[in-house]
Amino acid sequence: MNQFKTMPKSVKKAIRYIHQDAPEDHLIELKKLFNYAIDKRIEEQKSSIQNGIN
């Protein structure tokens, strides 16, 4: 949980919202959005490494 303290405030708020208040339909949509953003970022990193850009 120490990693949580180092996260940006917006991430902390999103996690608290998920834990405390989010209805099920919001949870499903948030999961889709987070997974899409994470997958896109990973692909960008992979392609930049393959192209020799850091």
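For the pair Phe4 and Arg16, the tightest heavy-atom approach, listed with the atom from each and the gap, is CE2-NH2, 3.8 Å. When every heavy atom of Lys5 is checked against every heavy atom of Lys12, the shortest pair comes out as O-NZ, 3.2 Å.
Heavy-atom neighbours of Gln20 CD from other residues, nucleotides or ligands within 6.0 Å: above the threshold of 12. For Lys13, the NZ atom is loosely surrounded, since the number of other residues' heavy atoms within 6.0 Å does not exceed 12.
In the hydrophobic clustering, Tyr17 connects to Ile18, Leu27, Leu30, Phe34, either directly or through intervening members, whenever side-chain heavy atoms lie under 4.5 Å apart.
Side chains of Glu43 and Asp39 form no contact here, defined as non-hydrogen atoms less than 4.5 Å apart.
How far NE2 of His26 is from CD1 of Ile28: 10.5 Å, rounded to the nearest 0.5 Å.
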